[in-house]
Amino acid sequence: MDYKDTLNLPHTDFPMKANLAKREPEMLSRWDGMHIYDLIRRTSKGRKPYILHDGPPYANGSIHLGTALNKIIKDVLVKAKNMAGYDSIYVPGWDCHGLPIEHQVDKELGEKKGTLSQTEKRRCCRQYAERYVGIQREQFQRLGVFGEWDNPYLTMSYDYEAATVAELGKLYLGGGVYKGKKPVYWCASCKTALAEAEVEYQDHSTPSIYVKFPAVSDVSARLPKLAGEQVSVVIWTTTPWTIPANLAVALHADFIYVALKIKGEVLIIARELLENCLDAFGFRNEPYENLDEFPGSVLEGLKFCHPIIDRESLLIIAPFVTLDTGTGCVHIAPGHGQEDYEIGMKYGLENYAPVDDDGKFTADVKDFAGQFVFSANDAVIEKLKGAGALLGRVDIKHTYPHCWRCKNPIIFRSTEQWFVSMEKNDLRKKTLQAIDNVKWIPAWGRDRIYGMIENRPDWCISRQRLWGVPITVFTCKKCGEQLLNQPIIDNLVALVRQFGADVWFEREAKELLPAGCVCPQCGGDDFKKETDILDVWFDSGVSHAAVLEGRDYLSSPADMYLEGNDQHRGWFHSSLLESVASRGRAPYRNVLTHGFVVDGEGKKMSKSVGNVTDPQKIIDGYGAEILRLWVASADYTEDIRVSDEILKRLVEAYRRIRNTSRFILGNISDFQPDADGVPYEDMEEMDRWILHRLHEVIRRVREAYELYQFHLVYTTLYNFCTVDLSSLYLDVLKDRLYTSKAASRRRRSGQTAMHEILEAMARLLAPILTFTAEEIWLALPERPGKQESVHLTQFPEVDSAKLQPELGEKWKKLIAVKGEIARAIETARQNKVVGHSLDAAALIAAPDDIRPLLQGNLDDLRAFLIVSAVDVVGAVAVENGYPSSEIPGLCIGVSRAKGVKCERCWNYSETVGGSAEHPTLCTRCVKNL
Ligand SMILES: [Zn+2]
Ligand SMILES: [Zn+2]
Ligand SMILES: [Zn+2]
């Protein structure tokens, strides 16, 4: 007789091999068929809503690992909130307007682009964005992300554009929007102003020069010691091309400057920088005389002479002058720098920037007119040299702002732009207050955005481009008065809702205004449309109005905004400003940020370095589930590493979770929970112990989800799977499961525990292992009321009756003893005393404090230790014993078990041969047949 057939060996169709790349799409189509997102929402109806508002990715190109990371974190959170008892809603969105798309369309159109009308080109941009919304939508869905994919929000949809126009109108009428000439970041290749968030800092080489400005005023009136001398102040700059726009030289009021007589003339520089300057000028070996020393304030208001242009340069005092480098005398061009502009305003200087949209000098600058500013550096330097004004030149490398799009260095240039004022209506102050009503996770996010709002200039919201929402302001052609009021806005909003923002470009001003509109200033009725469009950050910044307030099942403020930590200056920032300006409060209650994807060495991913990992490759190779596991396994508050090695480790971790689940499924295949389940109080003690551990795990995992610490969810579940279950509980349980009678209470007790464990684990894992949890769920025994998807269930509740701390403590001790015995058996195995653990008999000499515990659980202990026999004695000497170093007084003797190996259960027993019918079996097995 083959006794193998009498064992209850595991049986399941649940495949060992995950084959995720093939199985996931099948699961997706199953969910698609059952409309899983709608079902979840229907199930959650009436519960407290939880709104995670999606920050819109840009509809350009395929998703990369960073976008995948962001979407997966959001999805884990949305699913976890649903399973924790909320009605958790996720409406995905896309950012569709803006320069990058316009750029791509220009590129695709090539020569043809010049022949298209504005509307035709906008149509091309819209089609381009639609194409990528489609592509990205599929890619996000492939990740197992649930949401309202058939009704996302698009910043280019007519409704959304109408909401944007309405929001701009609100801010305009509130008095917070103005048109002014101000220096802005300007990309000459893209011909547009750029926002702070659109600027990247990279190394850039420029000549730095030292230039003399001779005095026009009589300096000796203030400094008599300089009477009769030719006096010059010396500036230092790294942007020679801005010299033609120089209007002033700034000194610090309190720094000490010296009047240095050298080579027959007097130079004014900061005392502390004297040595550096002598080197830079090549004057190291020249004899000099220090005629006078004085604080910078002494010279305020004197006039100096521009070195190459017939114009005066005013000596002013500025707080931002430093002694780090240069001369302590700062060249001021108010049209080409933010600080220069601000200090220039104070001294009534003109906001002068003789540079056009192409970055070329205007005719105003005779010598360099038509030259591109960066190319003009050398010409400016030559001209200074010719005028005898150049004291020194040193080429330096420094970090300099570059355009995010075309990667070219940009300039600071004064132009007419539209701004949202930070000071009018106290926007800055109110925004800073609003920040403290938001919970920032991690907490340093609060300080980061606070610092940014505290120091930022007015928000430049205009762009000189085409693909966006127009700045819908009219100007009277006759008197130049701006025209916008509520009836005009209402009229426009209705038009845009019907025809899209294209209507602004298609129709004349007259057709866009309510009938009979006249200029309140001069009575004129001929108006000009503004040609600038809005900054895309304004577009996405109004999503709280367009989406959260625009859909009746959503509301503002949202519970959560969740993006990469660069968004403190991006979407969090613009959304906050717009919402405070229009509604006096933040559009969110919580802001959660994550770090960025870096390679295995912690380096930023870049195409040029060649260390970019494509998410599609991971999906095709391992499955989206591994990508999800990767996201969940990392502490995303830091940068997150990815490499082949990391992925392989995760595949291995996944395999262990899967195999543990499969083992349980195999062992409960003949178990009907409702008919066969054993009541808790009748369960074996070890089974009650593992349920105690399970409920500890449930408590911990639910807490970790609540605190958005998904990596703790993962480690807790992974450790439970591998440590508690796989290498302990299930390993020990095998003997009972396989050899007991199929329907015996002892076996059913184990099955009851295993079923509860796997059912709970599937639910706890579902937000992360979205596909596999469902696969497990479907493989669990059918029972009345079992939901058709794990995603329609709730997290298991912590059952306090099953939390048995005393049992936990007791088994902790047993586990410690088991560890020591395993070591003793390992030693015996090395000494060839035994082969397999079941060959062994253990004689345990235990100290008084744990002996009763061991003696009282002898039967469990034998199974637990996976040995054939176990005996516990007092603290006596054990021959050839293994003395424990961990547990004082514990000593374990290992010998070959007595008796014969039972053919069925492989335990050694002296009872083998006791049955005539089954001579090769032990008594226990004979009874279990
Ligand atoms: Zn550019
Ligand atoms: Zn007018
Ligand atoms: Zn047996």
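Heavy atoms only: backbone and side chains are in, while hydrogens, waters and symmetry mates are out. In what follows, residues are counted from 1 in the order of the sequence shown. Atoms within each ligand, like the ligands themselves, are counted from 1 in listed order. In this text, all values refer to a predicted model and were calculated from it rather than measured experimentally.
Here the Zn ion (ligand 1) is the vertex; the SG atom in C187 and the SG atom in C403 give an angle of 110° (to 10°). With the Zn ion (ligand 2) at the apex, C476 SG and C519 SG define an angle of roughly 110° (rounded to 10 degrees). Angle SG(C406) to the Zn ion (ligand 1) to SG(C190), rounded to 10°: 110°. Rounded to 10°, the angle formed at the Zn ion (ligand 2) by C479 SG and C522 SG is 110°. Rounded to 10°, the angle that SG of C925 and SG of C922 form at the Zn ion (ligand 3) is 110°.
Between the side chain of K898 and the backbone N or O of E910 there is no donor-acceptor pair closer than 3.5 Å. Of the possible polar contacts, none joining the W467 side chain to the K121 backbone as a donor-acceptor pair under 3.5 Å is found.
Taking the six-membered ring where the residue is Trp, the centroids of Y400 and Y201 are separated by 6.0 Å or more. Ring-centre distance between F474 and W504: below the 6.0 Å cut-off. When ring centroids are compared, H336 and W241 come within the 6.0 Å threshold.
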